[in-house]
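Protein chains get the first letters and strands the later ones, always in sequence-line order, with residue 1 at the start of each.
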Amino acid sequence: MEKIVTRHFGQENSHHLINYLKDNGYQAARKAITQMTPAQVIDEVKKSNLRGLGGAGFPTGTKWSFIPQANPKPKYLVINGDEGEPGTFKDKYIFEQDPHALLEGIIVTCYAINSHKAYVYIRGEYIKSMENLQGAIDEAYRAGFLGKGIFGTGFDIEVVIHPGAGAYICGEETALLESLEGKKGFPRLKPPFPAVVGLFGCPTVINNVETISCVPPIINKGAEWFAKLGCEKNGGNRLFCVSGHVNKPGVYELPNGTTLREIIYEHAGGIPNGRKLKAVIPGGISAPILTPDQIDVKMDFDSLKAIGSMAGSGGIIVMDDTTDMVWAAMVAARFFAHESCGQCSPCREGSGWVYRNVKRIYEGLAKDHDLNNLPGIVNNIGGNTICAFGDAVSMSVGSYVAKFRSEFEAKIKGHVCQT
Amino acid sequence: MPNVSIDGKQIEVPAGTTIIQAADKLGINIPRYCYHPALPVSGNCRICMVEVEKQPKLQIACYTPVADGMVVKTGSPKVLEVRKTVLEFLLVNHPVDCPVCDQAGECKLQDYYMEHGQYDSRLSNVKVKKDKKAFSIGSTVMLDQERCILCTRCVRFADNISKTSEFGVFNRGDHSQLDVYPGKQLDNNYSGNVVDICPVGALTDKDFRFKCRVWYLSQTKSVCPGCSMGCNITVEWDKMRPHQHKKARVMRLKPRHNPEVNDYWICDKGRYNYHFIDDNRIQHPQFKDEIISWDKAVDTIVTALQQAQNTNSTNRIGVLVSAQLTNEDLFVIRKFFKETLRGAQVDFKAAQKSGDSDDFLMKADKNPNTAGAVKILQADGDAEQILQKAKQGEIDLLYVFGHDLVKLYGKEAVSQIAQKVKLLVYQGSNVNETCSYAHLNLPSSVYAEKEGTFTNCQQKVQRIWPAFLPLAESKGDWEIISLISTKLGAPFAYKNSQEIFKDIAVAIPAFSEMTYEKIADQGMILKA
């Protein structure tokens with residue numbers, strides 16, 4: 001299988017420009033800027049079926065085409081490298097191992113949307129990521145790939161790193177923009193969407209690190225090649241971050257549409273000590289949990305949506321039969337309660353309420369009505385909030401209760417969880 | 001212009017109008033916490049969600065613009081369910097300490113719970129404890145963080161209206177707390193307004209706290225007499241339980257919405273300027289040290305006036321009128337002194353130190369009716385000259401309305417005047433140092449006891465209504481003049497201020513065609 005985003009991973013000093021250049025580095029950027037029109041670039045990306053790999057899966061070329069070019073304000077590209085979704089650790093590897101691939105993608109994207117400034121918002125804990133990316137930026141400036149008049153054209157690009165300050169919600173694109181503007185990370189009311197009113201009130205494209213890293217190969221090898229790698233409407237490969245009860249946790253680049261079973265049992269080496277699978281989260285903690293009978297699902301946006309979960313950020317968390325699902329639900333609920341930004345009332349008050357409710361059940365302090373009320377409370381959050389965080393609380397915690405209700409009931413009856 | 005249907009009622013509104021604005025126009029009340037018509041939309045409380053046909057999710061009415069042909073339902077089962085849900089969330093960590101909360105009775109949590117909540121509690125957890133309860137955040141306002149529903153109205157008020165930015169929401173999730181920024185205090189000219197816009201008991205007014213339960217209050221529309229802006233207010237008073245507050249009637253003033261004058265706001269100077277209504281009033285007519293009857297008081301003046309008439313010396317009468325009086329008062333005073341008596345020297349501008357002002361509502365001219373006084377009195381006298389003459393013994397009767405001459409000119413000057421003139425009359429509502437020099441003190445009523453009109457600095461004529469009867473023996477200013485005039489044998493035919501106003505509209509071109517009905521409660525601009 002042909003690797004795209006991870007093709008340089010593991011090579012010595014893969015983050016240095018000299019090594020990136022050996023593999024046709026910056027040829028896609030040169031090609032786009034010197035031989036293609038912005039419209040041709042957007043068209044190529046549209047045809048490649050590249051979708052937003054941060055979690056929402058929105059078609060990337062389409063997103064770029066929403067930028068109103070008639071608007072006289074500057075346009076911005078913002079790279080979302082906040083990577084806060086528990087179970088997700090792919091962007092970190094791109095920053096550390098192949099930052100030039102991201103930078104080249106940034107150059108192509110900026111050209112496509114006519115932006116001269118890109119911000120890379122990096123999760124504050126990713127020190128190494130920031131070091132390696134800043135090193136790459138400096139190299140690219142020196143080599144003339146960034147800065148004034150790149151590739152002998154009149155096109156200027158400036159790239160700036162902005163470290164996050166430790167809020168999960170700042171991975172939500174409009175909260176990220178607020179944070180980037182120096183404000184508290186509160187998601188904005190939509191519409192307007194960032195393509196029209198984004199950073200500093202200007203048209204803005206926000207894309208995930210992995211998404212943009214896919215752009216140079218698309219320009220080099222063509223949209224058709226890329227589209228063919230994946231499955232219907234999901235072009236290319238995807239980075240799956242496998243963690244939890246598997247023999248070989250790690251980041252795996254596999255075609256969109258690979259089954260979850262194959263990822264767990266073939267690539268990640270199966271479950272340690274021959275134990276049985278009990279549950280798996282397919283796309284970061286926000287994605288509804290799956291049971292063993294559901295793991296033949298193809299891991300692409302549409303297939304996962306069809307069975308009531310989501311592909312999300314590609315963070316696969318595997319739980320074997322020693323896992324206490326009430327405890328797992330409590331951990332998820334605690335995360336949401338801790339990370340709710342507190343702006344709108346259902347999520348602010350609901351996330352904490354849900355956590356304390358699940359905690360009471362876990363601690364054996366709850367009564368029947370606590371469990372009976374839980375699905376209703378959880379449901380009341382989703383759909384009623386400013387951003388998708390509220391939906392995540394509903395879908396995630398709700399799925400544990402729906403699928404493992406007997407374990408919750410056992411806690412209430414004072415029994416030890418079945419293992 | 002888009003045409004929208006809300007609960008089956010059609011309305012055409014300008015493009016960009018939100019659903020809640022269109023509903024307000026139709027008189028359909030959509031519940032709200034964070035939405036306030038004068039503040040930027042925040043969309044955080046989520047109680048205003050409504051059903052929009054063809055949209056899968058409910059939409060917040062405060063933010064969603066109407067579109068042509070849009071069909072909105074504000075009372076569908078889905079909407080009612082969500083309201084209940086949002087209330088439940090807002091009350092999860094609310095202390096529900098209504099019995100000791102000053103907001104009780106005008107609290108939107110209480111109101112909406114009774115209207116839309118009424119669910120059984122599903123709560124079995126300990127509530128999140130917040131840091132500050134009954135905590136002073138400035139000279140006029142107390143903060144209670146656990147009652148706060150984080151609607152951020154106060155934050156947006158301080159950011160956008162007072163432009164002082166004292167407030168922030170700190171921490172996140174259900175540990176979010178409203179507070180003032182470290183080292184800041186809520187001490188701007190408009191602090192009190194945050195109490196008005198706070199939909200719950202999180203921000204309460206130190207001046208009003210625990211003084212009176214709001215359901216005992218009666219409301220009377222009025223206009224603030226504190227400066228020439230003439231902010232529209234409501235006088236809130238309680239006469240049922242005088243034992244509770246040392247016989248004081250007025251409990252508080254609240255701003256009254258007038259988009260052309262003060263919008264939803266008043267300054268703190270105006271807000272707390274009401275204690276004079278009940279405190280330190282001149283209660284009875286008094287001649288030197290002796291309390292006398294109105295009859296005797298009127299006789300005393302009439303005797304002096306007749307003497308002036310008989311000796312052809314009405315030009316030795318000086319009158320210092322005040323722009324604190326209503327247009328109606330001023331009209332009768334002018335008529336009496338300039339037409340009935342003829343020859344008196346009348347002016348309204350005694351030396352006024354100009355007060356604090358800002359670029360919003362506070363004006364330096366601290367009189368509510370300067371513009372009206374200019375138009376109605378058409379004063380030909382000069383206050384300074386009148387006083388100078390009084391000092392030199394060229395004035396026999398000096399009639400002062402409300403001006404505290406001691407404060408303005410000093411004790412020595414006033415004492416000199418009191419010795420030189422034959423009769424120094426002070427007609428006013430409150431005791432001040434001038435009273436002790438005046439030979440005759442006449443108790444007049446305050447604005448809250450009067451019907452009439454003021455003309456503000458925008459030339460807007462605005463009505464005031466009497467909240468209650470004049471205190472003790474005090475009387476309206478024009479009524480006192482009317483008593484004197486009657487005794488002098490030239491009675492006025494006025495039975496009430498509306499009749500006076502009808503004459504004003506005829507006599508003074510700037511007021512022509514104005515009536516009380518037309519002025520109503522939003523005022524009318526003088527004709528140029």
Side-chain angles (χ1 to χ4, degrees), chain A residues 166-170 175 183-192 334-361 365-374 376-387 389-391 393, chain B residues 18 33-35 40-49 55-60 62-65 78-79 81-94 109 119-129 148-152 155 159 168-178:
Chain A
Y168 171 70
I169 198 63
C170 288
K183 303 175 196 157
K184 193 170 176 179
F186 274 177
R188 295 177 180 172
L189 298 174
K190 285 154 279 220
R334 183 174 62 203
F335 174 78
F336 290 123
H338 185 252
E339 294 296 345
S340 168
C341 79
Q343 185 180 197
C344 63
S345 37
C347 176
R348 177 183 65 237
E349 307 297 343
S351 58
W353 189 9
V354 167
Y355 163 54
R356 285 186 288 277
N357 202 328
V358 177
K359 187 163 176 263
R360 281 168 59 82
I361 297 173
L365 301 170
K367 300 263 163 48
D368 283 342
H369 64 83
D370 287 314
L371 178 57
N372 293 337
N373 289 336
L374 189 55
I377 298 166
V378 162
N379 270 337
N380 288 344
I381 303 172
N384 295 331
T385 54
I386 292 174
C387 75
F389 187 104
D391 303 334
V393 182
Chain B
T18 57
Y33 287 113
C34 67
Y35 172 74
V41 169
S42 176
N44 64 52
C45 77
R46 318 303 286 180
I47 197 145
C48 72
M49 294 217 272
Q55 299 218 22
K57 280 167 123 187
L58 298 184
Q59 304 290 319
I60 48 173
C62 65
Y63 186 69
T64 312
K78 244 167 115 181
V79 171
E81 185 55 37
V82 162
R83 278 181 200 162
K84 203 180 257 198
T85 295
V86 170
L87 275 164
E88 191 181 28
F89 283 129
L90 288 173
L91 288 165
V92 167
N93 289 306
H94 185 87
L109 281 172
Y119 52 82
D120 292 325
S121 173
R122 299 198 280 183
L123 201 64
S124 42
N125 295 304
V126 176
K127 299 191 181 223
V128 174
K129 189 175 176 316
C148 173
I149 57 164
L150 297 157
C151 72
T152 71
V155 179
D159 286 348
V169 174
F170 300 85
N171 218 318
R172 71 184 180 205
D174 62 8
H175 288 74
S176 301
Q177 299 187 133
L178 174 86

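Counting heavy atoms from C-beta on, the side chains of A:His338 and B:Arg172 come closer than 4.5 Å. In this structure, the side chains of A:Ile386 and B:Arg46 come closer than 4.5 Å at one or more pairs of heavy atoms. When side chains are defined from C-beta on, B:Arg122 does not count as touching A:Leu374, because their heavy atoms never get closer than 4.5 Å.
Counting heavy-atom pairs under 4.5 Å between each of A:Arg348, A:Arg360, A:Lys367 and chain B puts A:Arg348 at the top. Ranked by heavy-atom pairs under 4.5 Å with chain B, the list A:Ala366, A:Ala337, A:Pro191 is led by A:Pro191. Residue with the most contacts toward chain A among B:Val128, B:Leu90, B:Leu150, B:Leu123: B:Leu150 (heavy-atom pairs, distance under 4.5 Å). In terms of non-hydrogen atom pairs under 4.5 Å with chain A, the most contact-rich of B:Asn125, B:Ile149, B:Asn171, B:Asn93 is B:Asn125. Of the listed residues (A:Gly383, A:Ser340, A:Gly185, A:Ala167), the greatest number of heavy-atom pairs within a distance under 4.5 Å of chain B belongs to A:Ser340. Chain A forms more heavy-atom pairs under 4.5 Å with one residue of B:Ser124, B:Gly43, B:Pro65 than with any other, namely B:Ser124. Interface remark: of the candidates A:Leu189, A:Asn373, A:Leu365, A:Leu189 forms the most heavy-atom pairs closer than 4.5 Å to chain B. Annotation: maximal heavy-atom pairing with chain B below 4.5 Å, among A:Glu339, A:Arg188, A:Lys359, A:His369, occurs at A:Glu339.
We find the NZ-CG distance between B:Lys57 and A:Asp391 to be 5.0 Å, quoted to the nearest 0.5 Å. Between atom CD1 of residue A:Ile377 and atom OG1 of residue B:Thr85 there is a gap of 10.5 Å, rounded to the nearest 0.5 Å.
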Please output the side-chain donor-acceptor pairs of residues 350-358 of chain A that fall under 3.5 Å, not counting sequence neighbours, one pair per line with the distance.
| unit_1 | atom_1 | unit_2 | atom_2 | d |
| --- | --- | --- | --- | --- |
| A:Ser351 | OG | A:Cys347 | O | 2.7 |
| A:Arg356 | NH1 | B:Asp174 | OD2 | 3.2 |
| A:Arg356 | NH2 | B:Asp174 | OD2 | 3.0 |

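Proximity to chain B (any heavy atom under 4.5 Å) is shown, for A:Asn380, by both the backbone and the side chain. With a 4.5 angstrom heavy-atom cutoff, A:Lys184 touches chain B only via side-chain atoms. In this structure, chain A has a heavy atom under 4.5 Å from the side chain of B:Ile60, while its backbone stays farther away. Heavy-atom distances place both the backbone and the side chain of B:Val169 under 4.5 Å from chain A.
Contact detail for A:Pro192 and B:Tyr63: the closest heavy-atom pair is CD-OH, 3.4 Å. Residues B:Ser176 and A:Cys341 come closest through the heavy atom pair OG-O, 4.1 Å.
In terms of the ring-ring contact (aromatic ring centres under 6.0 Å, His included) criterion, residue partners of A:Phe336 (sequence neighbours excluded) are, by chain and number, A:Phe389.
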